Amino acid sequence: MTVLALTGGVGGAKLALGLARVLAPDQLVFVVNTGDDFEHFGLHISPDVDTLTYTLAEVANPATGWGRADESWHVMETLQRLGGETWFRLGDRDLALHLRRRSLFDQGMGLTAATAALANGLGIRHRILPMSDDPVRTQVQTPQGALAFQHYFVRDRCEPTALAFEFAGAESAKLNPAIPFDALQAVVICPSNPYVSVDPILAVPGMRAALQSAGCPIVAVSPIVGGAAIKGPTAKMMRELGVHATTLEVAKHYLSLATHFVVDEVDARSRDAVAALGLETTIAQTVMRTLDDRITLARAVLAFVL
Ligand code: FO1
């Protein structure tokens with residue numbers, strides 16, 4: 001029996017590490033968002049895959065959650081002097097992973113196989129499965145037109161108003177056949193940004209139906225605590241999408257898929273409203289500052305649905 005964890009971004013990766021500390025590699029599989037991916041310097045950048053990989057390998061930069069700890073920036077510094085693009089910060093060690101991924105692609109590997117090879121190289125034993133090996137690219141609709149996700153998120157620091165998100169290529173992306181939908185004990189939707197980290201995963205044709213027909217609990221952990229997103233611009237996006245930045249709105253967003261929902265202690269008063277939507281609801285500390293917080297939340301989420 002297997003637990004499937006859907007994740008993207010820094011927030012989701014925190015719970016992912018907690019889950020990986022609790023469940024063995026043959027009990028837990030990660031499905032990761034690839035909508036943030038883009039080509040840069042001739043390299044395939046896959047931020048959510050790499051954030052999860054570095055987090056599970058426990059080499060992630062603790063301050064940012066993305067990129068590596070103990071990083072050096074000689075390439076970026078030299079690029080700057082040579083007039084190259086440095087808006088997207090790629091450290092020297094991180095670049096090595098990207099160069100290796102480029103070589104694995106040149107050998108004919110897809111993203112799933114390359115990700116497994118890189119994860120293996122970093123000592124990770126849990127399976128990290130991109131939602132699809134086909135390109136899906138999140139586009140942000142703004143009053144000034146469409147923006148590629150990393151241009152919106154990093155280059156423009158999420159300042160443009162987000163009117164809507166589109167996932168270019170999703171309609172023709174093939175669901176990763178390696179995802180084990182049979183004999184699932186539970187699906188965990190990690191506390192990632194619902195709009196740009198989880199929705200792209202659910203936009204892959206067949207993903208929602210496969211999750212629902214697994215016939216197991218689907219538990220979402222709220223990334224919103226007390227009306228503010230812990231990491232990243234989730235609350236700003238929600239306001240710009242015209243929804244209140246509340247855990248209740250996240251529950252509504254997941255209502256068509258989730259069966260269970262975890263609210264933070266700060267939002268305990270929202271529990272009844274979430275339950276009134278028809279979701280089994282529990283309260284836990286969803287703000288994860290330490291490794292113990294990650295493990296404790298993972299245990300609480302699993303105890304809630306298993
Ligand atoms: N986020 C930033 O805000 N600034 C960066 O320069 C940056 C570089 C970067 C490099 C590799 C990587 O895997 C992630 C990186 N991120 C950066 C984070 C990334 O943009 C986001 O984590 C995801 O795209 C959304 O969660």
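Start at 1 and go down the list; that is how both ligands and their atoms are numbered. Note that the structure is predicted; figures quoted are calculated from it, not measured.
- The closest approach between Phe149 and ligand 1 falls below 4.0 Å for a heavy atom of the residue.
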| request: Might you work through the side chain to side chain donor-acceptor pair (under 3.5 Å) test for Ser132 and Asn176, ending with a clear yes or no? | output: CA-CA 5 Å; Ser132 172; Asn176 190 332; over 6 Å; no

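- Among protein heavy atoms, the minimum distance from atom 11 (C) of ligand 1 is reached at Asp94 OD2, 3.5 Å.
- Ion pair Glu77/Arg81 not flagged as a salt bridge, since none of the NZ, NE, NH1 or NH2 atoms sits closer than 4.0 Å to an Asp/Glu carboxylate oxygen.
- Polar contact with ligand 1: present for Arg89 (N/O pair, distance under 3.5 Å).
- The pair Asp36-Arg137 fails the salt-bridge criterion, with no side-chain N (NZ, NE, NH1 or NH2) lying under 4.0 Å from an Asp/Glu carboxylate O.
- Among residues at least two apart or in separate chains, ring pair (Phe, Tyr, Trp, His ring centres under 6.0 Å) pairs with a member in residues 277-306 are His260-Phe304.
- Among all protein heavy atoms, the one lying closest to atom 21 (C) of ligand 1 is Phe153 CE2, 3.8 Å.
- Looking at Gln185 and Leu4, their side chains never come closer than 4.5 Å, going by heavy atoms from C-beta outward.
- Ligand 1 has an N or O atom lying under 3.5 Å from an N or O atom of Gln150, backbone or side chain.
- The shortest contact between atom 13 (O) of ligand 1 and any protein heavy atom is with Pro47 CA, 3.4 Å.
- Nearest protein heavy-atom contact of atom 2 (C) of ligand 1 is Val154 CG2, 3.6 Å.
- Of all the atoms in ligand 1, the ones that sit under 4.0 Å from a non-hydrogen atom of Gly9 are 26 (O).
- Of the protein's heavy atoms, Trp66 CE2, 3.4 Å lies nearest to atom 17 (C) of ligand 1.
- Here the side chains of Pro130 and Leu111 are in contact, with some heavy-atom distance below 4.5 Å.
- The atoms of ligand 1 that sit less than 4.0 Å from any heavy atom of Asp48 are 23 (C), 25 (C), 26 (O).
- The distance criterion of under 3.5 Å between nitrogen or oxygen atoms is not met by Ser46 with respect to ligand 1.
- Ion pairing of Arg21 with Glu58 is present here, as a side-chain N (NZ or NE/NH1/NH2) and a carboxylate O approach within less than 4.0 Å.
- The Asp36 neighbourhood of ligand 1 comprises atoms 23 (C), 24 (O), 25 (C), 26 (O), with distances under 4.0 Å to a heavy atom of that residue.
- No part of Ile45 comes within 4.0 Å of ligand 1, judged by heavy-atom distances.
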| message | Would Phe165 and Phe149 count as a ring pair (Phe, Tyr, Trp, His ring centres under 6.0 Å) here? Give the steps. | response | CA-CA 9 Å; Phe165 300 103; Phe149 183 76; 7.6 Å; no

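- The aromatic rings of Phe38 and Phe88 sit perpendicular to each other, their planes meeting at more than 60°, with 30° as the lower class boundary.
- Listed by number with element, the atoms of ligand 1 under 4.0 Å from a non-hydrogen atom of Trp87 are 6 (O).
- In Val196, neither the side chain nor the backbone holds a heavy atom less than 4.0 Å from any atom of ligand 1.
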| task | Mind running side chain to side chain donor-acceptor pair (under 3.5 Å) on Asn33 and Thr7 for me, showing each step along the way? | result | CA-CA 7 Å; Asn33 170 44; Thr7 183; over 6 Å; no

